[in-house]
Amino acid sequence: MSQAIIHDQGYRRFEGERRGVAASMWSLVVHAIQRALGIKRQFRSKVMPLIVFAIVYLTAVIFVGLAFFLKSFDIGDAGFSYGDFASTSGFAVLLFIAFAAPEVICTDRKSGMLSLYLASPLTRTTYLAAKALGVFLILLTVTLGPQLVLLFGYTMAGTGPGGVDKFIEAFVRAVLAGSVGALMPTALSIGISSVTPKRAFASAGIAVGLLASNGVIHGLTSSEGADIDARLGVLNLFYVPIELAVRILGERNDVAPWNELATGWLVLANAVWTLIFGAMAWFAYQRVSVDR
Amino acid sequence: MATPVTTESYGPTSKAATMAVFGLFLRELATRARILVLSSLGLLMVLLGLVARFSDDGEEIELTMLIALGLGIIAPIISLVMASATIGERRADQSLVYLWLRPIPFWTIAVGAGAAAITVAMPIVLVSLGLSVLVSGEYQLFVPALIAGFLAVVGYTGIFLPLGALLKRSFLVGLGYILIWESLLSQLGNFFEQLSILSYSASIVVNATDVVTSSGGRSTPSSTVIPPLVLLGGIAITVRFLNRREID
Amino acid sequence: MTDLIPPTGEPVTVPMVQFEGVSKFFGELVAVSDVTFTIGEGVTALLGPNGAGKSTVLRMLTGQAKPSKGSVRIFGFDPRQDRRVPRMIGVAPQQEQLFETQTAYEFVHLAAVLQGLDDPEAATNKALDLVELDIDRTRPLSTYSKGMRQRVKLAQAIVHDPWIVVLDEPLTGLDPRQRLSMIGLLQRLGDSGRCVVVSSHILDEVERMGSQVLVIAKGRLAAEGNFHEIRELMNDRPHEIEIRSDKPRRLAVGFLDSGLVHSVRLHDSSVIVETNDVVKFARTIAPQAIAIDASVDAVVPLNDDLESVFRYLVGQ
Amino acid sequence: MTAVIEATNVAKGWGSTHVLTDLTFSVGTGLTGLLGSNGAGKTTLIKMVLGLHDRDQGNLLVLGTDPEEAGPELRMRIGFAPEHHHLPEDVNAADLVRHIAELHGIPKQIATERASDMLWEVGLGEERFRPIGTMSTGQRQRVKLAQAIAHDPSLVVLDEPTDGLDPVQRDEMLGLIRRIGSEFGIDMLLSSHRLVEVEQVCDNVVIIGDGIVKRSGALSDLSGADLGYIVSVDDKSDELAAQLRTAGYDVNITIDGDVLVNGDQAALAVRNVVATLGVGIRRFETRRVTLEDVYLAEASETGAA
């Protein structure tokens with residue numbers, strides 16, 4: 001029989017070493033991703049990400065399945081190429097763009113979390129940077145993830161790139177294209193979300209903004225008989241990142257204005273839009289008051 | 001000792017009450033940010049007029065854009081933003097009590113709010129539709145576009161005013177209504193089409209041209225009468241809400 | 001009771017506020033259960049723990065909420081049906097939101113207009129002066145602090161000089177000085193024949209108002225009336241009084257002999273007695289002390305304050 | 001002993017309005033109450049302590065560091081509970097507290113343990129997995145307190161921690177704060193409008209007004225001075241006052257009708273006069289300077305609201 005002990009249940013000090021600001025930022029990144037994907041939240045919050053995942057990953061899996069069945073098929077001819085996928089999954093990705101940033105940005109202002117965050121080791125800038133990284137990673141799950149599924153699937157089906165060096169090249173292209181597909185939309189959605197604490201307004205603003213600029217620019221540049229400069233395409237907020245991703249994948253959309261627009265303009269457009277919306281968010285957050 | 005209370009003491013005249021409510025909401029709605037954002041939406045409409053101008057089928061293109069974008073998206077979204085931000089917003093932030101607890105009939109609140117929403121939404125919608133037509137050069141569409149825009153704002157306000165009062169997520173529901181009900185279900189056939197504001201406003205412009213389209217199909221008289229009736233119905237529902245519901 | 005003059009006919013005497021068997025259910029949840037009371041002129045404090053149903057009672061009083069059972073009458077009118085009732089009452093609700101784009105002046109002025117006042121400008125200025133709000137006419141309410149909002153809420157509630165003023169937690173967010181002036185203002189309103197109903201958690205301040213109280217606990221009415229009188233009624237709960245003296249032991253013996261005291265606790269320089277007849281006992285302290293040449297350095301009732309009464313009534 | 005917060009000639013304003021003009025004070029260990037009228041600049045001061053506002057001039061040291069220069073590192077060791085009750089509705093208390101602890105540099109597993117510990121400490125052990133949206137004001141205040149202490153800070157700043165609580169909840173909260181301050185050895189800065197409350201739990205106070213420090217120091221030094229006796233009788237208080245006055249005592253009558261006596265052997269005189277008059281003593285005690293007296297004296301000197 002051992003000696004009887006009554007343990008002290010009092011306050012315990014934390015004697016360990018505190019992690020640095022970088023770790024604080026990373027835990028905010030993880031938190032943002034969990035929040036947007038509905039992890040640790042009720043089922044209601046999981047519906048939206050599940051639908052989007054279902055659309056993009058199921059499509060990718062079906063493409064791969066077809067490749068297995070029709071051993072001889074040429075993915076390019078069949079319209080199943082990496083670039084084709086990037087273009088057609090654009091609308092599912094748009095759902096995510098319109099939903100993710102408002103979910104992780106606007107709610108903090110409405111729910112009072114922002115005042116707790118700013119009283120933590122984060123600053124306005126590091127807070128925003130962590131949130132942006134979170135949104136970027138969330139978008140990567142739908143811009144890069146399915147591409148990798150395609151790449152590995154096609155390779156296993158025997159229709160993928162032949163040889164290790166080709167595979168590595170395709171892999172690098174997929175990563176680059178996925179990142180490009182997520183980068184400018186991250187800036188845009190965070191920029192728009194930073195001006196309102198209302199999630200619905202931000203989501204509507206992003207969706208309407210993307211769709212409307214796509215509609216108008218597409219309408220302007222593709223209407224027959226109209227003689228409009230292809231460079232107007234850089235104003236198509238929705239398609240500018242997608243088209244650049246498609247080109248990184250080694251393909252190109254063969255419709256106006258893209259068939260006439262040089263890749264340099266696309267790179268520039270992506271960079272400039274990213275900077276503009278990034279600056280918009282940064283300035284908005286330097287000024288936002290945290291009474292709540 | 002207190003002096004007696006008389007039961008004659010009552011509130012302001014209905015006109016004064018309506019005007020005061022109208023003035024309040026007008027100022028709340030007409031913020032620079034809101035007008036700028038919504039006007040930029042209208043600017044798209046004007047830019048699309050350019051497309052029509054440079055096309056061979058100018059009239060058909062402008063007509064389609066008037067219906068699909070102008071009457072189908074811009075007018076309802078602007079009406080939604082305005083109408084749901086009146087009573088609905090005040091209910092959501094619990095400040096509605098400062099109107100509800102006044103000795104005024106409830107209809108003055110509903111009418112004042114509806115009038116303010118229409119007053120702010122109307123110029124943005126009419127200017128963008130009108131400018132679009134002028135830019136496109138299809139001048140014969142000018143007057144019908146204005147009338148259609150007017151009726152669209154009136155009708156949509158009639159829907160979104162009570163929607164805002166009744167529902168918490170009125171903005172999202174309203175957006176869903178515009179994008180799903182009005183745009184998709186109304187293409188399911190004649191019966192469903194009658195249930196969309198768009199079919200009435202679109203008919204005004206369609207009936208003014210010889211173009212054959214899938215939109216429209218309502219007669220001009222019914223198109224003129226139904227949207228105002230919808231507004232009246234919407235106000236009635238709002239009054240009923242104010243009468244029956246509990247106010248925070 | 002106040003006289004009410006109908007447009008034609010003789011004045012009738014009606015209670016200002018009357019609750020008759022009022023219950024309120026939210027689904028299965030009983031928020032307020034079978035409550036009956038009347039409130040007349042003067043300040044009445046509505047007390048109770050959080051979640052006990054205070055706000056629900058106030059919202060039924062103003063007509064914002066509908067009783068599930070029973071009737072609420074304001075000067076005999078049903079506040080859910082009769083649009084004249086808002087003319088008779090002024091309400092400052094608990095929520096902080098106002099019409100945020102307006103200035104304080106515009107907000108109160110709108111209230112004055114909607115009340116149908118003949119001179120809304122004068123009424124607005126008067127109300128803003130009464131609540132001691134030095135207004136900046138260009139500053140929107142969205143920039144106002146909690147304490148300023150409280151005063152704006154009060155101003156819009158009294159701008160039409162109503163007979164009944166209902167205030168839900170008007171003291172929170174005020175600093176000590178503002179609280180004192182708010183209490184003074186409420187007392188003056190009560191003294192002028194208005195019926196002022198205040199819910200508050202700040203019991204020491206309510207006690208200062210020396211008001212009538214209405215205690216709600218667990219959805220039911222636990223007590224009503226002057227709180228000193230309520231205290232007197234609580235016979236099953238003896239008064240505890242601490243008497244500090246240089247001879248506590250001998251004093252204690254004397255008190256026990258008097259028969260008014262049924263227990264004493266001795267400390268180094270004080271004695272704590274329990275008595276049910278506090279009035280009689282209070283008169284024996286000084287003579288007892290003189291009889292044995294003991295000093296009386298302090299006489300402190302230990303459970304007579306509103307807070308003790310409140311704790312006892314709400315059973316916590 | 002090093003000061004927890006040390007301010008020297010701190011000034012801060014926006015544009016032409018000077019909220020704080022010249023603030024000099026030093027806060028030692030223990031619980032410190034921060035008092036001041038609305039708009040006196042309490043919030044501004046708290047934000048400067050947290051390193052969220054830059055000051056216009058002066059020196060400020062918090063836990064020995066300048067918040068302006070090392071804000072993030074300093075905030076690692078500070079806990080903060082804001083005044084507002086807004087918290088994310090659909091997050092459960094344990095997740096929120098753990099998240100905030102992680103942000104303050106606590107490794108994930110330890111943060112999870114500590115979040116659970118702290119929620120038990122504040123009395124929310126059984127509710128720790130409930131969404132905050134379903135919690136009452138009292139429970140939210142406790143969640144706010146738990147998230148402020150979960151990362152074992154050296155200094156905790158609480159802004160109106162008892163706002164919206166009923167008397168029973170308030171006492172429990174004050175008990176918690178007192179316990180955390182003394183037992184846990186965490187220094188605290190507590191802003192409050194309830195002077196009684198500050199008197200109950202704090203060791204030191206800082207009173208600010210008109211942009212400067214009006215009074216600061218140990219609570220025991222500021223209040224407690226003897227003002228004589230206060231007597232409340234059930235009848236004839238006028239006669240009591242008159243007789244005491246005749247006997248040569250300094251007598252005043254308060255607004256509540258109580259008699260304030262000062263002078264040599266006053267207690268004895270009161271005992272005798274009360275016995276002669278045959279009235280009952282409701283209350284009789286020494287009247288000491290309260291924090292409210294100190295506060296109101298400072299406020300009325302300037303007449304500022």
Go through D/Pro167, D/Ala40, D/Ala267 and name the one with the most non-hydrogen pairs under 4.5 angstrom from chain C.
D/Pro167
Is C/Ala291 in contact with chain D via its backbone, its side chain, both, or neither, using a 4.5 Å heavy-atom distance?
neither
Counting only non-hydrogen atoms closer than 4.5 Å, does C/Glu169 touch chain D with its backbone (N, CA, C, O), its side chain (CB onward), both, or neither?
neither
OH (C/Tyr144) and OG1 (C/Thr103) are apart, to the nearest 0.5 Å, by 7.0 Å
Under the 3.5 angstrom rule, does the side chain of D/Tyr295 hit a backbone N or O of C/Arg177 as a donor-acceptor pair?
no
Taking the side chain as every heavy atom from C-beta outward, state whether D/Glu172 and D/Leu176 have any atom pair closer than 4.5 Å.
no
Most heavy-atom pairs under 4.5 Å with chain D, out of C/Ser145, C/Pro176, C/Ala289, C/Gly147, belong to C/Pro176
What part of D/Val279 is in contact with chain C, defined as an atom under 4.5 angstrom from a non-hydrogen atom: side chain, backbone, both or neither?
backbone
May I have all residue pairs that pass side-chain hydrogen bond (donor to acceptor under 3.5 Å, both in side chains) and include part of residues 275-291 of chain D, sequence neighbours excluded?
D/Arg283-D/Glu285, D/Arg287-D/Asp293, D/Thr290-D/Asp293
If one checks every heavy atom of C/Lys280 against chain D at 4.5 Å, the contacting part turns out to be neither
Does some side-chain heavy atom of C/Leu313 sit less than 4.5 Å from a side-chain heavy atom of C/Ile230?
yes
Answer yes when C/Arg311 and D/Asp171 have at least one side-chain N-carboxylate O distance shorter than 4.0 Å, and no when they do not.
yes
Looking at C/Ile285, C/Asp297, C/Thr172, which one has more heavy-atom pairs under 4.5 Å with chain D than the rest?
C/Asp297
What distance do D/Asn272 atom CG and D/Leu244 atom CG have between them, rounded to the nearest 0.5 Å?
10.0 Å
Looking only at C/Val279, C/Ile202, C/Leu203, C/Val300, the option with the highest number of non-hydrogen pairs under 4.5 Å against chain D is C/Ile202
Counting heavy-atom pairs under 4.5 angstrom with chain C, the leader among D/Asp163, D/Leu165, D/Leu268, D/Thr43 is D/Leu165
Aromatic contact, C/Phe281 with C/Phe255 (centres under 6.0 Å)
yes
Looking at C/Leu133, C/Leu128, C/Leu130, C/Leu185, which one forms a side-chain contact (heavy atoms from CB on, under 4.5 Å) with C/Arg151?
C/Leu133
Side chain, backbone, both or neither: which part of C/Leu180 has a heavy atom under 4.5 Å from chain D?
side chain
Salt-bridge criterion met for D/Glu83 and D/Lys144 (N-O under 4.0 Å)
no
Contacting region of D/Glu160 [heavy-atom separation from chain C under 4.5 Å]
neither
Chain C neighbours within residues 229-243 of chain D, where any heavy atom lies under 4.5 Å away:
D/Tyr229, D/Asp234
Do you know which of C/Arg179, C/Glu96, C/Lys146 has the most heavy-atom pairs with chain D at a distance under 4.5 angstrom?
C/Arg179
Is it true that a side-chain atom of D/Ser192 and a backbone atom of D/Val198 form a donor plus acceptor pair closer than 3.5 Å?
no
